Amino acid sequence: MSELVRLSHQDGIAVITIDNPPVNALSPGVPEGIQEAIRAAGSDPAVSAIVMIGAGRTFIAGADIREFGKIVRGERPRLTLLPMLLEIEDCPKPVVMAIHGTAFGGGNEVAMAGHYRVASADAQIGQPEVKLGIIPGAAGTQRLPRLAGVAKAVEMCAFGEPIGAREALSVGIVDRIVEGDLLAGAIAFACEVAGKPARKTREREEKLRGVDASVFAKAREQAARTKRGQSAPAAAIEAVEAATRLSFAEGCARETAIFEACLFSAQSKAMIHAFFAERGVSKIPEVSSKTPVMKIERAAVVGAGTMGGGIAMNYANAGIPVLLKEAGQEALDRGMATIRKNYARSVKSGRLTQAAMDERLGRISPQLTYEGFENADIIAEAVFEGMALKKQVFAELDAIAKPECILATNTSYLDIDEIASATRRAELVVGHHYFSPANVMRLLEVVRGKATRPAVLATSMALGKRLRKVAVLAGNSRGFIGNRMLMPYLREAQFLVEEGASVEDVNGALYDFGMAMGPLAMSDLAGLDVSWRIRQEFKHLEKPGVRVPLVSDKLCEMGRFGQKTGRGWSQYDEARNPSPDAETAALIEKTAREAGIERRAVGRDEIVERCIFALINEGARLLGEGVALRAADIDVVYLNGYGFPVWRGGPMFYVGEVGLKNVLARVREFEGKHGPDLWSPAPLLVELAEGAQTFEDYDGRAASTAA
Ligand code: 3H9
């Protein structure tokens, strides 16, 4: 028997244990091991029933995703799990699947090939393949509708969200919830069903009959809206639909064809990159498993504005009591009212119970003083963005915080070291840059100052996970990773309208590229006044004679701050729906004329290339400077904080799709037209292009240096 799959016996029941840490993926050897164990147990006269269970923290979390790239590159044969699953299903002894942790993807497909499924109450079951740009490829789209019904199968396969064990019980995937020891419960269940005729999932057709065909149309419409640009959701719907029209064997053949088309697509390559990039961000060279992680049991937040309130909610949601300080009663009341409104919205939509809301609210203590801050393990500062104010607040915090308290600033642009200089504990000062709305957005940039201790970084990364964020380490550079790259991106968007593109052209081209919203729409949402203030803070750094965008400041001077004032680049109705603003268009034209900018027709390709390549060039520059550890980290930042389409893998991954040399050639063309101050190619871009290397090679080198 393989080491990955063990066979043992208990009370006449064979127990097959999958033991392939960390998540029991179906790596090479596991399917073979299962097959061998099923054959052995199935033909053993001393065995009356079989239990299959996962060792460690989970049942099977799916196919081994690392294998997919090898299959696509032709280094490994295609993965065919179907015969093994048929052997499980055709086993003459009842097979009981015992599920804890996650039965995801191929894991759920294995589970469904069994005759019965029992689960721990906290188990999760799902077909998340679409999140990797693929569809279930081992009969998931054929067995799931037979167990759970077509509508549920469509939902699970097309949108990839898992369901809990209790829901799985109610829809028919799971037969029993086991409280207490899962193996004991599964064995007891197996004893009950031993000797009974086996129920083969593939032969259960009753739930395939009388299906309302509008299920598919509705799901397609929802997928087009919520998974814009992605091809896997529609592909998954097609495969489930096939189950209602074809025999099981034909349906499986259809599924395999669709699965392979998805697996060999650029989208799946990009989304698998995104999966591993997200898991790679926590690997930091100076931080090892031995680096101490500081205890965070109590938190405090200074500033109850939009960001501070959202940060306080994050702590409260994670079970950490948090003091929330604001300077005046009115602002504090406003902040708490927003927090209450946010929670109430979650209760209304059913995402949160009233009791959970009350509990979370109870963890937030609004106050006007620093009382109790001396007990906090971490204090997050979220006051107005201005160096003088930040330094004043940090000096105050340094005086009252306990010696080992971490002081985290939520600044989005300012110099962490200068902020830290207002304290006597620079080693405990770090940036925790959240994204608005802070209680919703997954990204957290952890910004290291030159003195920040590795333990503070380790604690910040661990805290990020606790707060259910994706924490990415960034160096102390103006705008860190995300906003530093955003500056040239937004700059080009504004230049393009000055040169003749309409606001709608610019927003539309980037939206169609896949961005969650166009750059000018995003500025209107964030508030034009925010960047106006930042520009004023950094005015002294502007180089004379270098072109700067001209219109945004003028809009601000007119009090047009974007959505919140109803007007900005576009105008907005009560429901914040945008429409073209003729006055803004006229202002752009006049401003351009006065500045002597030649107006011309600007094509969509140029809009996308100018904005996206500016983003990439800055990404390469900061990567070369060490502000990001890996190109993949930059991708994680843009996927989770800036609405970059996941099916393109992130801006740096996208370079590979376009070709690094092609990107460099266009950057050089833009440099020729618009000058080196704006467009000189990042040294790393040149170095990699000249060395015929990619950002993936660069990341590989960084990993081997760290190791
Ligand atoms: C599939 O099944 C297709 C089928 O239809 C069959 C087709 C023929 N493979 O996330 P974590 C690694 S597609 C390889 O940090 P958590 C992960 O990289 C698959 N590796 O832990 C990390 O490694 P490292 C469908 C995997 O507790 C470590 O495990 N299944 C896989 O926060 C820990 O991961 C999925 O899409 C894998 N399948 O979350 C499930 N899964 O330590 C994908 C994880 O070196 N996985 N790793 O960085 C997940 O959703 C989460 O990992 C899970 C655990 C919820 C399981």
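FYI, the numbering just counts along the sequence from 1. Counting starts at 1 for both ligands and their atoms, following the listed order. Just so it is clear, the structure is predicted and the values come from calculations on it, not from any experiment.
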Asks: Answer yes or no: are there more than 12 heavy-atom neighbours, outside Glu696 itself, under 6.0 Å from its atom CD?
Replies: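 Atom CD in Glu696 is not crowded, with 12 or fewer foreign heavy atoms closer than 6.0 Å.
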
Asks: Which residue in the set Arg199, Arg146, Arg202 passes salt bridge (charged side-chain N to carboxylate O under 4.0 Å, His left out) when paired with Glu89?
Replies: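 That would be Arg202; it is the only one of Arg199, Arg146, Arg202 passing the salt bridge (charged side-chain N to carboxylate O under 4.0 Å, His left out) with Glu89.
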
Asks: Checking a contact table here: which protein heavy atom is nearest atom 24 (P) of ligand 1, and how many Å away?
Replies: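 So the nearest neighbour among protein heavy atoms is Lys283 NZ, 3.9 Å.
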
Asks: Quick check: Ile65 and ligand 1, any N/O pair under 3.5 Å apart?
Replies: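 For ligand 1, there is an N or O atom that lies under 3.5 Å from one belonging to Ile65.
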
Asks: Just to confirm my output: which protein heavy-atom neighbour is closest to atom 32 (O) of ligand 1, and how far is it?
Replies: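 Ranked first by proximity to atom 32 (O) of ligand 1 is Lys465 NZ, 4.0 Å.
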
Asks: Got more than 12 heavy atoms from elsewhere within 6.0 Å of NZ, Lys207?
Replies: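 Enclosed.
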
Asks: For ligand 1, is there an atom lying under 4.0 Å from some heavy atom of Glu67?
Replies: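 Contact check Glu67 vs ligand 1: negative.
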
Asks: Does Pro22 come within less than 4.0 angstrom of ligand 1, counting non-hydrogen atoms of the residue?
Replies: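 Under 4.0 Å: yes for Pro22.
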
Asks: Counting only heavy atoms, tell me which of Ala61, Gly62, Gly105 gets closest to atom 35 (C) of ligand 1.
Replies: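 Looking at heavy atoms only, Ala61 sits closest to atom 35 (C) of ligand 1.
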
Asks: So for Gln127, does at least one of its heavy atoms come nearer than 4.0 angstrom to any atom of ligand 1?
Replies: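 No; Gln127 lies far enough from ligand 1 that no heavy-atom distance drops under 4.0 Å.
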
Asks: Among Arg66, Arg279, Glu255, which residue places a heavy atom closest to atom 45 (O) of ligand 1?
Replies: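 It is Arg66 whose heavy atom sits nearest to atom 45 (O) of ligand 1.
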
Asks: Relative to the heavy atoms of Phe276, which atoms of ligand 1 are at a distance of less than 4.0 Å?
Replies: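 Here the atoms of ligand 1 in question are 18 (O).
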
Asks: Check ligand 1 against Pro128 and write out every atom of the ligand that is under 4.0 Å from a heavy-atom position of the residue.
Replies: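 Under 4.0 Å from Pro128, ligand 1 has these atoms: 30 (N), 35 (C), 36 (O).
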
Asks: Are Glu179 and Arg166 within salt-bridge range, i.e. N to O under 4.0 Å?
Replies: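 A salt bridge links Glu179 with Arg166.
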
Asks: Which residue and non-hydrogen atom of the protein lie closest to atom 33 (C) of ligand 1, and at what distance in Å?
Replies: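 Looking at atom 33 (C) of ligand 1, the protein heavy atom closest to it is Arg57 NH2, 3.5 Å.
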
Asks: Please could you name the atoms of ligand 1 that Gly106 approaches to less than 4.0 Å, counting only its heavy atoms?
Replies: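 By the 4.0 Å cutoff, the relevant atoms are 1 (C), 2 (O), 4 (C).
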
Asks: Does any N or O atom in Glu129 lie less than 3.5 angstrom from one in ligand 1, N or O only?
Replies: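 Yes, there is a polar N/O contact under 3.5 Å.
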
Asks: Nearest heavy atom to atom 13 (S) of ligand 1 wins, so pick from Phe259, Phe275, Phe104, Phe68.
Replies: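 The nearest heavy atom belongs to Phe68.
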
Asks: Quick check on contacts: which atoms of ligand 1 are under 4.0 angstrom from a heavy atom of Pro136?
Replies: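 Checking each atom against Pro136, I get 5 (O).
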
Asks: Is the contact between Gln124 and ligand 1 made by the side chain, the backbone, both, or neither, using heavy atoms and a 4.0 Å cut-off?
Replies: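 It is neither; nothing of Gln124 touches ligand 1.
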
Asks: Thr102 heavy atoms, cut-off 4.0 Å: which ligand 1 atoms fall inside?
Replies: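 Near Thr102, meaning under 4.0 Å from one of its heavy atoms, ligand 1 has 56 (C).
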
Asks: Taking 4.0 angstrom as the limit, do Lys152 and Glu155 come out as a salt bridge?
Replies: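 A salt bridge is present here (some side-chain N lies under 4.0 Å from a carboxylate O).
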
Asks: Below 4.0 angstrom, N of the basic side chain to O of the carboxylate: do Arg220 and Glu238 qualify?
Replies: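 No.
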
Asks: In the structure I gave you, are the side-chain heavy atoms of Leu457 and Glu286 within less than 4.5 Å of one another anywhere?
Replies: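 No, too far: nothing below the 4.5 Å cut-off.
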
Asks: For Glu109, counting its heavy atoms only, list the atoms of ligand 1 lying under 4.0 Å from any of them.
Replies: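 Per the distance check, 4 (C), 5 (O), 6 (C).
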
Asks: For a quick test of your reading: what N or O donor-acceptor pairs under 3.5 Å do the side chains of residues 58-69 make, sequence neighbours left out?
Replies:
{"from": "Thr58", "atom 1": "OG1", "to": "Thr102", "atom 2": "N", "distance (Å)": "2.8"}
{"from": "Thr58", "atom 1": "OG1", "to": "Thr102", "atom 2": "O", "distance (Å)": "3.0"}
{"from": "Thr58", "atom 1": "OG1", "to": "Thr102", "atom 2": "OG1", "distance (Å)": "3.0"}
{"from": "Asp64", "atom 1": "OD1", "to": "Arg66", "atom 2": "N", "distance (Å)": "3.0"}
{"from": "Asp64", "atom 1": "OD2", "to": "Ser27", "atom 2": "OG", "distance (Å)": "2.8"}
{"from": "Glu67", "atom 1": "OE1", "to": "Arg76", "atom 2": "NE", "distance (Å)": "2.2"}
{"from": "Glu67", "atom 1": "OE2", "to": "Lys70", "atom 2": "NZ", "distance (Å)": "3.1"}

Asks: Does the distance from a Lys or Arg side-chain N to an Asp or Glu carboxylate O, for Arg143 and Glu109, drop under 4.0 Å?
Replies: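 Salt bridge flag = no for Glu109 with Arg143.
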
Asks: Pairing donors with acceptors under 3.5 angstrom, does anything connect the side chains of Ser247 and Glu250?
Replies: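 A donor-acceptor contact under 3.5 Å links the two side chains.
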
Asks: Does the protein put a heavy atom under 4.0 Å from atom 38 (N) of ligand 1?
Replies: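 Yes, because at least one protein heavy atom sits under 4.0 Å from atom 38 (N) of ligand 1.
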
Asks: Is the distance between the ring centroids of Phe695 and Phe653 less than 6.0 Å?
Replies: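 No, ring centres 6.0 Å or more apart.
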
Asks: Counting only heavy atoms not in Arg279, do more than 12 sit closer than 6.0 Å to its CZ atom?
Replies: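 Atom CZ in Arg279 is crowded, with more than 12 foreign heavy atoms closer than 6.0 Å.
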
Asks: Is the shortest distance from a Lys or Arg side-chain nitrogen in Arg648 or Glu657 to a carboxylate oxygen in the other one below 4.0 Å?
Replies: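 Looking at Arg648 and Glu657, the cut-off is not met.
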
Asks: With heavy atoms only and a cut-off of under 4.0 Å, state how Thr80 meets ligand 1: side chain, backbone, both or neither.
Replies: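 None of Thr80 does.
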
Asks: Could you name the option among Asp64, Leu79, Thr141 that has the heavy atom nearest to atom 20 (N) of ligand 1?
Replies: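 Nearest heavy atom to atom 20 (N) of ligand 1 lies in Asp64.
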
Asks: With a 4.0 Å cut-off, would you call Glu161 and Lys131 a salt bridge?
Replies: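 Salt bridge: yes.
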
Asks: With a 4.0 Å cut-off, strictly under, does atom 53 (C) of ligand 1 pick up any protein heavy atom?
Replies: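 When distances to the protein are checked, atom 53 (C) of ligand 1 has no heavy atom within 4.0 Å.
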
Asks: What protein heavy atom is closest to atom 47 (N) of ligand 1, reported as residue, atom name and distance in Å?
Replies: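 The closest one turns out to be Val23 CG2, 3.8 Å.
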
Asks: Return yes or no for this condition: an N or O of Ala63 is under 3.5 Å from an N or O of ligand 1.
Replies: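 It does: an N or O of Ala63 is found under 3.5 Å from an N or O of ligand 1.
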
